[in-house]
Every structure is written in structure tokens, then in C-alpha cells.
Novice: 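This is the structure I want to talk about, given as C-alpha cells.
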Amino acid sequence: MAAEREAGRLLCTSSSRRCCPPPPLLLLLPLLLLLGRPAPGAAATKSGSPPQSAGASVRTFTPFYFLVEPVDTLSVRGSSVILNCSAYSEPSPNIEWKKDGTFLNLESDDRRQLLPDGSLFISNVVHSKHNKPDEGFYQCVATVDNLGTIVSRTAKLTVAGLPRFTSQPEPSSVYVGNSAILNCEVNADLVPFVRWEQNRQPLLLDDRIVKLPSGTLVISNATEGDGGLYRCIVESGGPPKFSDEAELKVLQDPEEIVDLVFLIRPSSMMKVTGQSAVLPCVVSGLPAPVIRWMKNEEVLDTESSGRLVLLAGGGLEISDVTEDDAGTYFCIADNGNKTVEAQAELTVQVPPGFLKQPANIYAHESMDIVFECEVTGKPTPTVKWVKNGDVVIPSDYFKIVKEHNLQVLGLVKSDEGFYQCIAENDVGNAQAGAQLIILEHAPATTGPLPSAPRDVVASLVSTRFIKLTWRTPASDPHGDNLTYSVFYTKEGVARERVENTSQPGEMQVTIQNLMPATVYIFKVMAQNKHGSGESSAPLRVETQPEVQLPGPAPNIRAYATSPTSITVTWETPLSGNGEIQNYKLYYMEKGTDKEQDVDVSSHSYTINGLKKYTEYSFRVVAYNKHGPGVSTQDVAVRTLSDVPSAAPQNLSLEVRNSKSIVIHWQPPSSTTQNGQITGYKIRYRKASRKSDVTETLVTGTQLSQLIEGLDRGTEYNFRVAALTVNGTGPATDWLSAETFESDLDETRVPEVPSSLHVRPLVTSIVVSWTPPENQNIVVRGYAIGYGIGSPHAQTIKVDYKQRYYTIENLDPSSHYVITLKAFNNVGEGIPLYESAVTRPHTDTSEVDLFVINAPYTPVPDPTPMMPPVGVQASILSHDTIRITWADNSLPKHQKITDSRYYTVRWKTNIPANTKYKNANATTLSYLVTGLKPNTLYEFSVMVTKGRRSSTWSMTAHGATFELVPTSPPKDVTVVSKEGKPRTIIVNWQPPSEANGKITGYIIYYSTDVNAEIHDWVIEPVVGNRLTHQIQELTLDTPYYFKIQARNSKGMGPMSEAVQFRTPKADSSDKMPNDQALGSAGKGSRPPDLGPDYKPPMSGSNSPHGSPTSPLDSNMLLVIIVSVGVITIVVVVVIAVFCTRRTTSHQKKKRAACKSVNGSHKYKGNCKDVKPPDLWIHHERLELKPIDKSPDPNPVMTDTPIPRNSQDITPVDNSMDSNIHQRRNSYRGHESEDSMSTLAGRRGMRPKMMMPFDSQPPQQSVRNTPSTDTMPASSSQTCCTDHQDPEGATSSSYLASSQEEDSGQSLPTAHVRPSHPLKSFAVPAIPPPGPPLYDPALPSTPLLSQQALNHHIHSVKTASIGTLGRSRPPMPVVVPSAPEVQETTRMLEDSESSYEPDELTKEMAHLEGLMKDLNAITTA
């Protein structure tokens, strides 16, 4: 490494900074930054300037630096050498020299002596094969007594070896005007001592004859005078050494072509900045070639550049090389007949330099300091630190942090001195230093000093930190103005460290970065304005032991070695305890979540088989006997680029006119580009002459090119290849296009096609046409539109050469309208219409061949592009969905071999005006990323090949997974509850980015906004409630509130704190509040009603569903039961009156039934009909379970379940679309006409219902259709009872067989004896499909409406059996009274429907019901 260094440049280490030492106050800034925080009290003096008190001696930084440092030197044996060195200081420093790290004894050395300025003089350099005492690395060391020591950079002394030729000149010949070379290669250190002779005379070098750095002689533009005998001579201090002589013959020009041949090719080389680089390039041939140079595709101008010189023979010399000169150089020789080229890589290395040098530091004992040092260079330099000339070895108290900085912990007096940062790489080294001064503590001022802090204890002991607490000193029991310093050290170690409290009066501190299972000694000292007081007694504490796992491996680096491989290197972990057994290297492609790993036993590893020009991240974990250690940070690196591995896509040609064609293409897929696409190479030729190829280069990202100057009416073939900096990728297949015979007009759209013919088949129609009569307008293709009854359903575009097309996949026996339009780049022309009816399936006629008599037009493939099928959306994460599909136009193996591509589009319907997003793909899948969490998307795909595209495929849907909320709840407000000053109500709105269904909230509140979050009081809220009450707060106290939302994935962020001060208690409102809370006891809270609690529909004005008081609920319950009892009595009286007319009205009923049959409204036998149950017959009804309705507008029925299909009353099947209205109330409409009509025909009585909000609003309930409006062909038998199965349970679903046979699915009820108060009504569920009743019937609301603009309502019904629970009030709903004529018919039917036995049973059930109602009322 060091042996290959070349002579470097002198680096003067910031002498200008040190010649004028800055004032001490300005030098405190770096110290304050390094210490992190100003220490109070006595600690402030440690990090501040020197003491400024009267009489105190002020120490300043002493200028001490090198004026001159030794540089790398080349010498020969027997000569003398001076290695310069000079240092500045007051007083003058003592200079010594080291060779290879060992001090030289110059007093007894007769060949080496120290010059007055400090330089080293070596006379008569000794160098032989086995004795090389003078060659090596030298370093100058300057010392000032009682101040410190500094060391210079190291300089290499190289002594040239004995002359030895690796190649010698050979006889050769050269044509006049051509170039010749004569080799004379020696070892590199002897090249400066080589010279040439011609005919035993010294050869003078000029612009035509040059000597290369290797020693080779180049003669360009040879003349007859250049002939003769040549030899090279090496003079390196001893006797000269001569090479063999060789004759050079100069020949006359043969006047014939001689092939170009490289005599010397440029070779790759490595140079250091500031040196000169010579790239040789000598080419012979006739005619004599002209040589030019290029760098990275850029032509070099050697004439106008001051640093670039074209040498004799064609070589390139670059003087004063910089980093920008690195790159690939091309030597191109051209003589008009042939071109040859060669290339070489120039690598530039940079010696170490300093971006930031260490700064001088003042400090006190026990403090921690950091010397900063930032370096640059290529390769990256390594850094070591030297203190007073000795290398600093990292330890517990001397640590290398942030790669290059030196941290010194727990300063002691002996740490004073000069610290140097020495940076070194392969091409040089440099040093920069700074001084550390340890200050004495300023004497205390007059005044009382605090005594020792009391009760120092370790309140928390961990493996790597200890928390200390104490009490104030006895001398100052309040201690508000005291600051404290904690001094600590390892047991048995003299070096002490200090930690200061952060603010006055604080009596605790946490000591970090301790070692596990180690004993530490702690002392605490208090300071006041007069100084530091007494120290506490030493406290001995041992940290907890821990499993010793390795730390992160330092200096992890990754660099690409090829387009498919990356090498990763690292070092042994500094913090690892125990022997490292192995390492595990993890790597992952950027943009993916699949991490791979490999076991490694060394400190480097090369991973092969990676993707080209792709970014990867790497990390390393060290393992010891305890297991895996701490992972390193990820390092990212990209593999090298390469030529593209695939051709450009979707190549298409557009004929502009008779002499030009526009070529369009798309870049290769991103996975095959293998680098940045720098351009495209277009090749084209005439189809008839395959050898005549023309090439055009397109730079940048241009995706089209106009090719001009073509022949008229000629077919051309085109192909395109992509370029990267590495070269040219594969080209596309040849694609042909023919120029026009003459220049046509494209300033207007084409005219109408001259004819259109259609021939229908069973599932297809053959369309044929002829072009427009005006042939002077450009036609680029034809657009065919078709559809049943309208030609705009589907559109297919075909080439301008095509004259017929078969439209496939049509419906038989269907009327299609077809349109044909010619189009060009201006637009589409006038359409031509035709219609045809496809043949029926039964048509067995053969398909006739349809031939167009158009010999001047070819017949291309008429197959259209079919849309992709089987589109599927696979959800991968909260923001990624993979779309896959199949293409029926591909072979069975679904392999894409042509230039087709697919377009994927997607959108979400929320909000409704969302636009589609598109992306192109060349495979049968696409990964859609960047989606929103918990959002439903729709996807569709189309395929494009050339100018032809399919329609969009069927739509696939996919909803992304949920994600934790990414925004806090918003609009958080806090209000005091009226009449209860110690109770507040917190309201909020859901987070704007909930990313899923909110399952609850957590309310945090505290009186201290700065308290740790785990010290805040927590109030959980289950479900999606947006309000919460908090009771028993302290009056006249400020509280702070934060809210956090959660979903199934976890907790979201907290909202900003909202402040609210509870009101002061008034005598008027304090009393009732205290009384209300008195029974619960102090600090108690009423039970949470839970997320499923719903407010009543009326009777409560609480906006957030606060529960109604039990007293109000009991009063409402009594009113409801009283109204029910009165209604029952009225119904019973009417029933008794009706039973007296049984005999006479039975005949009327039969006649009515017969009349109904005669009208053909109902079919079937006429039988006696049992009357429907009174509404109190609940011992025979059971609740049927409610399944999920497919109906998108579910409502709640407001009628009890009828016993048969004739007991059905219709309701409006509409639904309130307002979500909040759905949550808080359910209302319904009932048609007066249909209600009264059915009541009359079925003998129904008005029924009472008690709707209440006891079920979740999401439960869907189907409508009960009216049989009045059913068609006669599908209605049920009139007057026929539906017998219900006895064995049915309440959890089963049943439908009558008659309903299934007739195609209806009317709801039924299972009749079974049960509790008299089982239920009032059960929702019934209709089948999916259109409603079976007229939706236009007039209706009146059953309930008084709170929002009249909501014309769609629904009503829930509930069981009386739930009245015993704590419920909100349930309003009684009585349907509208039927019309007069319908009431008469109802009474007539009812009178003829009841027998005395049935009435007795009814009365018995009524008595049981009355008893239950009385019991409820009493309770």
C-alpha cells in the first residue's frame, strides 16, 4: 500500500490559523457545542473561559505547529538527500526524527545529521540488494518541554534500484510519414534516469519525437533522417547501463493502402491529483491516420484546452489531474478507409484532506470532551489519533465516536497536551492538531458554602444506567437555588467523571453508558453562588449483569463490483464481549419487503446474482455464544449498469408523406433497462436491399423520430435498439412501412367511404368496404362501430390497407347497426351506416365465402383485439394490490412474443368524481401501489397491439387492508354539563384518516400538560361513540384532554391537548350535583352505557344519547301500558258485538268469496276462513330470525307477522339514507288505502306497536308485500288457510310450500304456544327482486316526523317482554283508521268469523295478559 505512494504535495496544516492565536473567549464555542449543555454552578466554569477573577493567572493556547513537513522523495545510491522539517513555537521546539516508527540516534551517525532548521540530511545514500538502510518512512517529531509534542506527516524515501531492462529496442522499419516505436522499459523508479542515443549521439526530443513515461521512444511523421542505430541509457548514480542497439530503417511510401495497426494501445492507469497522466496511442498505416480522443462519449478539444496536449504519435497528456478527469478515454484513429479505436480507464486518487480540523479546548477535571475531525480523500482515509506523539489506543475513557472524532471521558490533569488527527490512505497522509488545557477551579468567594447533600441513594439500578436521588443539605433545607454535581468512577480506577443536574433545585440525576456488573463509587456535591460545598459520603453501587451480546459491526461499506454483484465489508464490533462466532449478512432489494440473509465467517462478502442497476440495502449482525447482537444501520448501493437486456416496446410506424415516416416506440421494461437509457439507435433499410442499412442516433428520452429523405412508394424496414453508457442493447424485430406514391392532403378529414356491404351470419357479421373516392386525402385507417340498435356500443380500428373485417361474438337473431368511418391524424370522416340481423341458431345454411374483387389491396389478418379476461385483484397490503388477468388471444401457455402491451386503470368511487389512474404493463400482471388503506377500488384492463386496442375488460374489485389511524381525532371540544359543574362532556369527530373501522377511543386527561403520558388518567370509549362524560372532577381547576383513536390494527396518534377549566361551584347548582353523586360514593362513576346504547326516538333532547332518568322512564311506561289496556278493552267490546251476527254474515262471506272468484282476481277453492289473531295473541307467535337482506334499502315492517299469506300489510320499502337519522330513529309509512283495503278483505283489526331503538341500525329487514297488487296469475288461493308446522323452532327459516310452488316467497310466522308477551311484531323479509306492490300508493306517516324533508322512513318493533329492563321510553304507534266503507266490510267479516268457543279462548288469553300488565304497572 504505502510502497506504491508517489511524491505527494506539501500539506501545511492551517498555519494561518495558528500564527494569530484567537482570544480565549472565542475558542469556547466548540467546547460548549461538544459538551451538549451548559452545566450550572461550578460546572459552568469548567466549560467556560479561564477564570477572570482578580489576580488569577490566565493560561492561553500556545502556537505550536509545523512550518514545513517532509515529502516523499526519490533518490539514487551514492547521492545525498534532505528531508525538510521546520516547526514553530515559543520557546523553540526540539526536533527529532523517526524512521519506520523508531527514533534515530543522530549523534553517533556519521551519514545522517540534523540541520539547524530541523531538516534531516543523509549523505552517500546506501542501497544494495541485501542492504537498504536508508529506504523507508521518515517522520519529524517536535517537542517543547512542559507543553507537549507534535509529529509530522510520514514521508517515504525511495532509492532507485540497480538498472535492469524489462524490454530493449529491436530492429524495425517505418514508411516515410508514418510512426515508429522503440521499446526501452525499466523499473518505474529508474524511468526519470533514462535517455536515448541515435548513432551513439544524444537524441534531442521535440514535438515529433517523445519519450513515454515507461521509457519507450515514439517517432512520428518519420523522415529519412530518422534512420540509424538507437540505444537507451540508464544513469542512476553508478556507471551508465546501455541497452542493445537496434536499427531503424525508413522506407519510401509504397503508394498503396496499408491497414491500420496499433503499435501501442492506451492502458488503464491510476493517478494522484496534481500529477500528469499520459495515455499513449500509436497507430501505423497508410494513408497516415488522424487520431482524436473522446472521454465518455464526449469529444476532447486538445487545441483550446490548457491541460490537454496531443503528443507525438497520438498520445494524450493530461497535466495537473483532478477528480473530474477520471473516466473512460477512447483513442480513435481514422485514415478515410478504416477506423480503429481503443479505450483505457483513468482512475484518479486523492490524498487525505481535512474538512474540519480539531479545535483547541479549555476544560476542567472530570469533564468529558470531544475533538472533532472530518476528513476526505479517495480511497476513504483511515484516521488515528496521537497525543503528545503517542498513538491513542481506544479504551473505556478514550473512544472513537462518529467514525473519526475522539472522545475523552473524565478528564485528569495528565490529559493535557497536544492531540493530532492523522488521516492516511494509499496515496498519502496528513495531520492536524489541537491543544487541551485543564483549568484549575477558581477560588470560592466569601460566603457560606452548602453542606453535603443528605440521603444519597440509588433509586434505580439497571445494567447500563443508575438513577441517583438525594435530599437538600442541612445548611439549606429549601435548596431552590442550589445546583448539584455527581462525581463517579469505577472502583479501583482513579479517573473520575462528573454529571451535573439540568436545573437549580433538581435533586436527581441518571448516569448513562455504564458497564454491566461493574461497581461504581458516587459522590454528590452542592453548589451555591459562593462555590462548591462539601461532598457527600461515597456511595458504592453495582450495576446489574446482562447477557453480553455483540454491538453493531463498525465501518460497514458496500460497493458494486459488477452489474450483478456487490461486495460488503465491515470490522469487528467494538462493543462485542466474547469471541465473535460468525456474522449474518442481510440484504434486500429496494422497494420490496423480502429480506434475504447469508452466513459469513469473515469481514467481507460478495453477493452475486443480483439484478442489474438495482438498489439494494445491506446490514450485518454479529453472533457470539449468547446469540445475535445489535444490527448495523442499513447501507444502500446500486449495482452497476449494463447494456439493456431487452428491445424497446410497441414499435409503430406512421407514414407522413411520400418521403418521410415517423417511428414511435416505448422504452424497454424497467427491469430490462439495466441503467439510465441515454438514447436509441434506429436502423432502417429498403426492403429490397438488405445490405444497405442507415443508422440514426436519438439522444435522451425521445420516443419518436421523423425519418426524412425516403424514396416515393418504397417499402422500408425499421428496427430500434436502446442505449446506456455501457453500450447498445438488442434491437426490435424489423417492422415495415411503405411511403406514399404521391404527397396526399392531411389538412382535413377523409371523405365518406365509397361503399359498405354487410353479410350477417349466426354469431358474426362480415363487413366489407371500398375507400373514399377522393384518393388525394390521407387515410390512416378505418373505424368500425357496431351495436344492437346503436353503432356506438363497440368500436374497432383497422389499418388503411384493410378492406374487410369479421365482427365476432354477436348474439343470434339480433338487429345490429354498423357504421364505418375513415380517419387520419386530423380526425374521423363522415360515417357510412348499414344494418343487419344475425341469423337464428336454427339456421343451418352454410357460410358462404365472401371475396372482395379488389386486386389492388392486400387482405390482412382480420382478427380483432379481444379484451383481457379473468381479471382478479389480490390484496397484498394496506396500499398494494396485484392485478392479474388472462389474454385469450395468446397461445395456451400465455407467453407474450409480440409487441403488445396492457393498460391497467383503477379508481375508487369515494368521492364520486375520482378520476381513473392508468399504468402500462407488458406482462399478465401489474402491482398497483400507493393506494389508500381500507378503500374499495375497481380495476379493468385493456390490451393494445400497434394501432389496435381492445375494449376495457370486466371490472374487478378489491379493498385494501386496514392500517392504524394516521391522524388524530379532530374538533375535540370540552363543555361543562348543565347543572353539574363537576361533570364535563368531551365531544370529538373521527380522524380524517381512520384507515379502517374505528373500534374505540382513549381519552387522556391531566392537570399537568407536561406530565409523562403514563401519568395521565385514561378513559376508554368502546365503539364509535363521539362523546363521553367524565365526572367527579375538581372545581375551578384547569384540565388538559387528549384523544386517541383505535381500529383493528392498533392505536393512532394523539390529538393536541385541549385545555378546559372546570367552573366555580355556585350555591344553586352545587347542592343538587352533590346529592346526585352522594349515593355513588366519592370518586365513583355511573356505569358506561357502552357503544351499543342508542337514544330513544323521542322524549329526549340529549344530543349524544345520554340516558333518560329512571323516573321519566317509569312515567312513560305507565302511560304506554294504560293506553294499551284501554285499546284492548275497546277491541274486546267490538269483538263481542261482532260474534252475535255469525250466522247471517257467513252467507254474505261465501257470496263475497264467490264474487271474488268470478272476477278472476284469485284462483282456488273457497273455504271458510279463520279470523286473524287479535294483536294480543302473542302466545302463538314466535320471532323468526332475520337474515341479511340482499335488498339495498332495508326497512322495518310495522305490522305483526300474519298467520297466513292473506294477513299481509304493505309498507313503504324506502329507507332513510341519512346515517345519523338511521342511528337515532326509525320511522315508517303505511299506505292508508292498502291498509284499509286489506283490513276489510282479511278481517284485520288495527294493531298497536311499540317501536324502540334496541337493535343495531345495520340489521336489515325486508318488506312485507301486499297481495292486493299481485298479478292474478301468481296470486295465492283465496280463503285457504296456511297451516304452519308445529316442529319449527324460533331460529329456523321456513316458507310455505304453496309460496314456493307459485314462485312467491311471502313471509310466514310459526304458530306455537308461548309466553303471552312474547312479541308484538317481527320483521318479515321479502325475496330479492322488484317489489310486488305499487310504490305510487299514497301514504301517511305513522309517527310524527322530526325532519319532514326525509320522506323515507322505517319503524322497528320490539317485544313487550323486554319492558322489565332499563329502556328508553317507547312511543305507542296506532295505524291510521280505515275508511268508512272498508270499516263496514271489516266489521261484517269479523262478525261472521268468530264462534262462541273461540271467543271464550280469546277472553281467557285476555285475562292472562291483563294480569301481566298489572304486574308490570305495579313494579
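Side chains are part of it too, since the values below use all heavy atoms of this structure and drop only hydrogens, waters and symmetry mates.
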Novice: For the side chain of Thr983 and the backbone of Lys977, is there at least one donor-acceptor N/O pair under 3.5 Å apart?
Specialist: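 Checking the backbone N and O of Lys977 against the side chain of Thr983, no donor-acceptor pair under 3.5 Å is found.
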Novice: Does one side chain, of Asn987 or Thr1027, offer a donor that lies under 3.5 Å from an acceptor on the other?
Specialist: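 Side chains of Asn987 and Thr1027: pair found under 3.5 Å.
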Novice: Has Ser976 got a side-chain atom pairing as donor or acceptor with Ile984's backbone, closer than 3.5 angstrom?
Specialist: no
Novice: Drop me the distance from Asn1047's CG to Asn1024's CG, to the nearest 0.5 angstrom.
Specialist: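 Answer for the CG-CG pair, Asn1047 versus Asn1024, is 12.5 Å.
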Novice: Side chains of Gln1044 and Tyr1001: donor-acceptor distance under 3.5 Å anywhere?
Specialist: no
Novice: Are Ile1018 and Ile1003 close enough that some pair of their side-chain heavy atoms sits under 4.5 Å apart?
Specialist: no
Novice: So which atom in Asp1036 and which in Thr1062 form the shortest heavy-atom distance, rounded to 0.1 Å?
Specialist: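 Looking at all heavy atoms of both residues, the shortest contact is N-OG1, 2.9 Å.
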Novice: Working to the nearest 0.5 Å, report the span between CZ of Arg982 and CD1 of Ile1030.
Specialist: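 Interatomic distance, Arg982 CZ to Ile1030 CD1, rounded to 0.5 Å: 14.0 Å.
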Novice: Could you state the interatomic distance from CD1 (Ile998) to CZ (Arg1046), rounded to the nearest 0.5 Å?
Specialist: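 So the gap between those two atoms works out to 9.5 Å.
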Novice: Do Thr973 and Trp988 make a side-chain contact, defined as non-hydrogen atoms from C-beta onward lying under 4.5 Å apart?
Specialist: no
Novice: With a 4.5 Å heavy-atom cut-off, do Tyr1004 and Val1017 have their side chains touching?
Specialist: no
Novice: Please check: side-chain N/O of Thr999 versus main-chain N/O of Gly1023, any donor-acceptor pairing under 3.5 Å?
Specialist: no
Novice: For the residue pair Leu1033 and Tyr1005, establish whether any side-chain heavy-atom pair is separated by less than 4.5 Å.
Specialist: yes
Novice: Going by heavy atoms in the side chains, are Ile985 and His1028 under 4.5 Å from each other?
Specialist: no
Novice: So Ile1002 and Ile1043, side-chain contact (heavy atoms from CB on, under 4.5 Å) or not? Walk me through it.
Specialist: CA-CA 6 Å; Ile1002 293 182; Ile1043 304 184; over 6 Å; no
Novice: Check for a donor-acceptor pair, side chain of Thr1037 on one end and backbone N or O of Leu1035 on the other, with a separation under 3.5 Å.
Specialist: yes
Novice: Would Val975 and Phe1060 count as a side-chain contact (heavy atoms from CB on, under 4.5 Å) if you check the C-alpha gap in whole Å, the side-chain angles of each, and the deciding distance to 0.1 Å?
Specialist: CA-CA 8 Å; Val975 296; Phe1060 177 81; 5.5 Å; no
